[in-house]
Amino acid sequence: MKMRVGMGYDVHRLTEGRKLILGGVEIPYEKGLLGHSDADVLLHAVMDALLGAAGLGDIGKHFPDTDARYKGISSMKLLEETGNMLEEHLYIVENIDATIIAQQPKMRPHIEKMEQNIADALGIEASQVNVKATTEEGLGFTGAGEGISAQAVCLLEKMTNLPAQDVAGECAGCGGCRFQE
């Protein structure tokens with residue numbers, strides 16, 4: 001098996017008249033994030049980390065903001081599709097660690113749901129996903145409340161040298177991968 005690491009980053013401007021959605025959770029706040037999709041910076045950073053680790057490019061390559069099919073789409077759907085791409089290329093998500101950078105609102109009450117949403121979309125355990133949040137103590141665009149950013153890293157394992165029948169049917173001894181269905 002080969003291990004691969006990926007890193008993702010995303011940022012969106014806060015604006016009035018939009019819902020604030022992070023990690024697939026709608027968070028009560030007077031502003032939301034501006035973007036072509038639902039502008040979920042957390043999921044966008046996670047997807048970029050996953051796609052990068054797998055050597056599959058980035059979300060702009062697969063879900064371009066110039067494509068009307070993705071206008072207003074839930075980033076949870078895009079994350080599920082990213083998980084399908086990883087599976088097609090025989091990648092297994094070992095873990096994801098992500099940080100939301102926002103002055104307001106407070107994220108702590110929503111983090112467990114974000115972690116569960118990410119895990120469910122990728123078919124992994126919630127214990128494999130860690131989401132944190134921090135402020136920038138009033139500094140920069142996030143500190144001034146102009147936007148929210150997120151960073152994510154992930155570790156993938158590529159299942160290699162397996163006979164096709166093992167991948168399609170029984171597990172080859174790893175003891176619990178997604179391919180054992």
Side-chain angles (χ1 to χ4, degrees), residues 6-53 56-86 93 95-154:
M7 180 270 197
Y9 173 81
D10 195 35
V11 60
H12 285 276
R13 178 180 300 278
L14 281 163
T15 188
E16 293 184 11
R18 297 261 312 193
K19 294 178 181 180
L20 178 59
I21 300 172
L22 294 167
V25 177
E26 186 175 333
I27 299 171
Y29 194 58
E30 66 264 13
K31 294 181 180 179
L33 294 170
L34 183 62
H36 185 69
S37 66
D38 63 6
D40 188 327
V41 293
L42 174 59
L43 296 186
H44 293 183
V46 167
M47 287 185 283
D48 269 345
L50 294 167
L51 291 166
L56 298 174
D58 62 13
I59 61 173
K61 175 181 176 180
H62 296 281
F63 314 112
D65 62 6
T66 55
D67 190 330
R69 291 180 297 168
Y70 304 119
K71 178 78 172 154
I73 194 168
S74 167
S75 294
M76 287 298 297
K77 291 181 182 177
L78 302 180
L79 181 59
E80 289 171 5
E81 183 57 32
T82 299
N84 292 337
M85 284 186 252
L86 295 175
V93 178
N95 78 302
I96 297 167
D97 187 34
T99 304
I100 301 166
I101 301 106
Q103 197 64 35
Q104 290 290 330
K106 294 296 181 191
M107 301 294 159
R108 172 71 0 242
H110 310 286
I111 286 180
E112 278 186 37
K113 181 64 176 157
M114 292 176 192
E115 291 170 340
Q116 190 64 57
N117 285 348
I118 293 167
D120 289 348
L122 295 171
I124 61 176
E125 297 295 321
S127 63
Q128 293 173 268
V129 181
N130 187 63
V131 175
K132 306 173 294 297
T134 190
T135 69
E136 290 193 307
E137 304 297 328
L139 300 174
F141 68 91
T142 59
E146 297 172 19
I148 295 177
S149 66
Q151 300 176 13
V153 294
C154 71

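Residues Leu14 and Leu33 meet the side-chain proximity criterion, which asks for heavy atoms closer than 4.5 Å. Counting only heavy atoms from C-beta outward, the side chains of Asn117 and Leu79 never approach each other to under 4.5 Å. The side-chain heavy atoms of Val131 and Ile118, taken from C-beta on, include a pair separated by under 4.5 Å. Between Ile27 and Met114 there is a side-chain heavy-atom pair separated by less than 4.5 Å. Residues Met107 and Pro105 have side chains in contact (heavy-atom distance under 4.5 Å, counting atoms from C-beta outward).
Atom CG of residue Asp38 and atom NZ of residue Lys77 lie 10.0 Å apart, to the nearest 0.5 angstrom. Within the model, atoms NZ of Lys61 and CG of Leu51 stand 9.0 Å from one another, a figure rounded to the nearest 0.5 Å. Taken to the nearest 0.5 Å, the SG atom of Cys154 stands 8.0 Å off from the CG atom of Asn95.
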Next on the checklist: Checking Gln151 against Ile101 for the side-chain contact (heavy atoms from CB on, under 4.5 Å) test, could you report, in this order, the C-alpha distance in whole Å, the side-chain angles of both residues, the deciding distance, and whether it holds?
Outcome noted: CA-CA 8 Å; Gln151 300 176 13; Ile101 301 106; 4.1 Å; yes

Next on the checklist: Between His36 and Lys71, is the side-chain contact (heavy atoms from CB on, under 4.5 Å) condition met? List the steps.
Outcome noted: CA-CA 5 Å; His36 185 69; Lys71 178 78 172 154; 3.6 Å; yes

Checklist entry - Given Met76 and Leu43, is the side-chain contact (heavy atoms from CB on, under 4.5 Å) satisfied, shown in steps? => result CA-CA 7 Å; Met76 287 298 297; Leu43 296 186; 3.4 Å; yes

Item to check | Audit row: Ile96, Leu122, side-chain contact (heavy atoms from CB on, under 4.5 Å) steps and yes/no | outcome: CA-CA 11 Å; Ile96 297 167; Leu122 295 171; 3.5 Å; yes

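When all heavy atoms of Arg18 and Gly35 are compared, the closest pair comes out as NH1-O, 3.2 Å. When all heavy atoms of Ala152 and Ala49 are compared, the pair lying nearest together is O-CB, 3.7 Å.
Put simply, the side chain of His12 never gets that close to the backbone of Gly32: no donor and acceptor are under 3.5 Å apart. Of the possible donor and acceptor atoms, none in the side chain of Glu115 sits under 3.5 Å from a partner among the backbone N and O of Ala126.
Annotation: Glu112, atom CD; neighbour count of heavy atoms from other residues, nucleotides and ligands within 6.0 Å does not exceed 12.
With hydrogens and angles left out, the side-chain atoms of His44 and Ser75 include a donor and acceptor closer than 3.5 Å.
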Donor-acceptor list for residues 136-145 side chains, cut-off 3.5 Å, not counting sequence neighbours:
from   : atom 1 : to     : atom 2 : distance (Å)
Glu136 : OE1    : Thr142 : OG1    : 2.2

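The side chain to side chain donor-acceptor pair (under 3.5 Å) test applied to Asp48 returns no partner, not counting sequence neighbours.
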